[in-house]
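Notes follow once the structure below has been shown.
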Number of protein chains: 2
Amino acid sequence: MLRLSTKGQYGVRAMFEIAKGDPEKPTNIRQIAERQDVSVAYLEQILNTLRRAGLIQSIKGPGGGYILSKTPSEIAIGEILKELEGPVAITSCLDPEEGCSRVETCVTHLLWRSLGEKIQDFLNTITLEDLLNEEALLKEAGTTRTISLTWGTTG
Amino acid sequence: MLRLSTKGQYGVRAMFEIAKGDPEKPTNIRQIAERQDVSVAYLEQILNTLRRAGLIQSIKGPGGGYILSKTPSEIAIGEILKELEGPVAITSCLDPEEGCSRVETCVTHLLWRSLGEKIQDFLNTITLEDLLNEEALLKEAGTTRTISLTWGTTG
DNA sequence: AAAATACTTTAGTGATTTTGTCAAGTATTA
DNA sequence: TAATACTTGACAAAATCACTAAAGTATTTT
Ligand code: FES
Ligand code: FES
């Protein structure tokens with residue numbers, strides 16, 4: 001339950017891949033596609049959305065590609081997902097575009113709203129920089145799984 | 001994003017409706033359907049799943065219906081959803097039945113896992129009793145929205 | 001100017017999932 | 001034994017997902 005679409009997943013992975021690159025040298029779409037194992041055509045859609053949202057910039061011509069509009073620490077995962085999948089809305093009742101007449105008296109509504117806010121908070125806290133740091137830790141530890149996540153459950 | 005299917009939503013609402021009833025007198029399916037505005041046929045599917053999972057018991061014959069197998073405080077929302085929608089799995093990589101070869105080195109995987117665990121923890125903390133208490137508060141406050149949720153975001 | 005590179009945009013499509021409905025049961029009790 | 005009520009499995013319309021395809025626009029190098 002509560003699955004994220006591939007669009008959101010690929011979007012985050014693509015942003016991560018761009019973040020890993022040199023801020024001066026754009027990462028081109030084929031590199032992203034290859035490293036993250038996603039089709040170029042599908043990535044085009046995704047990166048386009050993210051560019052229109054202002055999260056990345058594109059540079060055309062030979063040697064072109066994509067760069068981040070802000071530093072990795074300023075880009076939260078929640079922002080990326082929001083652009084690709086809209087705001088967190090556990091139920092249609094919570095969707096600004098749909099709504100529900102029961103809202104006023106519905107107890108479960110409060111539950112879903114509360115859960116949604118918790119998720120949103122979490123996603124807005126984690127940034128691309130956190131992912132970069134995490135990868136550094138992963139490599140250090142070799143194949144051993146890192147537990148020292150600042151956003152882990154044990155914390 | 002991250003929408004719950006209606007099956008899960010209706011399931012929780014149905015369980016709440018049963019929890020509201022007298023533990024001695026079963027709530028019949030038509031009452032649930034009417035009060036929660038869901039079709040009887042669809043509810044049958046849902047309640048059947050929940051019964052097989054042991055969360056509710058059915059009582060046949062005239063005056064029959066459904067009762068909870070445990071007290072409301074012993075039934076977490078997470079249990080209900082798990083039966084109707086399977087475990088939380090933000091990505092297919094996290095699904096026990098699917099998996100992914102990248103798991104070992106994938107940073108985003110750690111992110112989704114962490115988020116999933118947070119959601120799971122939350123859903124396992126809230127019980128039907130919490131919902132009952134919340135409704136009592138709601139009625140007390142009239143149309144004013146209650147903010148005093150123990151599981152609210154204001155903490 | 002021309003060619004190469006690379007991003008941009010819009011359509012369309014097959015597979016899958018969701019959201020139910022329908023119909024024919026079985027079990028229990030007044 | 002009739003009425004009530006739960007049980008089960010099959011099925012289907014609708015929506016969403018996860019892409020693919022193709023033609024276009026912009027920029028830079030030669
Ligand atoms: S059913 Fe829509 S708010 Fe509860
Ligand atoms: S893509 Fe499957 S674990 Fe990251």
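Here is the naming used below: chain letters follow the sequence lines, and residue numbers restart at 1 for every chain. Keep in mind that this is a model prediction, so the values were computed, not measured.
Rounding to the nearest 0.5 Å gives a distance of 8.0 Å between CG of A/Leu4 and OG1 of B/Thr91.
The distance between atom CZ of B/Arg3 and atom C1' of D/dA15, rounded to the nearest whole Å, is 12 Å. Computed from coordinates, the B/Ile67 CD1 to D/dC6 P distance equals 12 Å when rounded to whole Å. If you measure from atom CD1 of B/Ile29 to atom C1' of D/dT7, you get 10 Å, rounded to the nearest angstrom. A/Asn48 has its CG atom 17 Å from the P atom of D/dT20, to the nearest Å. Regarding B/Tyr42, its OH atom lies at a distance of 18 Å from the P atom of D/dT8, rounded to whole Å. A straight line from CD of A/Gln45 to P of D/dT16 spans 16 Å, rounded to a whole angstrom. Atom CG of A/Leu4 and atom C1' of D/dC17 are 13 Å apart (whole Å).
Positionally, the nearest nucleotide of DNA chain D for B/Pro62 lies more toward the 5' end than for the other of B/Pro62 and B/Glu44. Both B/Ala41 and A/Ala41 lie close to DNA chain C; mapped to their nearest nucleotides by heavy-atom distance, the more 5′-ward contact belongs to A/Ala41. Mapping B/Arg51 and A/Lys7 onto DNA chain D by nearest heavy atom places B/Arg51 closer to the 5' end of the strand.
B/Tyr66 has a side-chain polar atom (N or O) that falls below the 4.0 Å cut-off from OP1 or OP2 of D/dT7. Within the structure, every side-chain polar atom (N or O) of A/Ser39 is placed at least 4.0 Å from both OP1 and OP2 of D/dA18.
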Evaluate the criterion side chain to side chain donor-acceptor pair (under 3.5 Å) for residue pair A/Thr71 and A/Glu74; output intermediate values, then yes/no.
CA-CA 5 Å; A/Thr71 63; A/Glu74 291 170 325; 3.1 Å; yes
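Of the candidate nucleotides D/dT8, D/dC19, D/dA3, D/dC19 has the atom nearest to the side chain of A/Thr6.
Here B/Ile59 lies in heavy-atom contact (under 4.0 Å) with sugar-phosphate atoms only.
Under a cut-off of 6.0 angstrom, the local environment of CZ in A/Arg30 is sparse, with at most 12 non-hydrogen atoms contributed by other residues, nucleotides or ligands.
Between A/Thr6 and A/Tyr42, some side-chain heavy-atom pair lies under the 4.5 Å cut-off.
Ion pairing between A/Arg13 and A/Glu17 fails under the 4.0 Å rule for side-chain N and carboxylate O. With respect to B/Arg3 and A/Glu98, a salt bridge is recorded, a charged nitrogen being found less than 4.0 Å from a carboxylate O.
The nucleotide range of DNA chain C contacted by chain B, defined by atoms under 4.0 angstrom from heavy atoms of the protein and reported 5' to 3', is C/dT19 to C/dT29.
Among all heavy-atom pairs drawn from A/Ile75 and A/Leu55, the shortest one is CD1-O, 4.1 Å.
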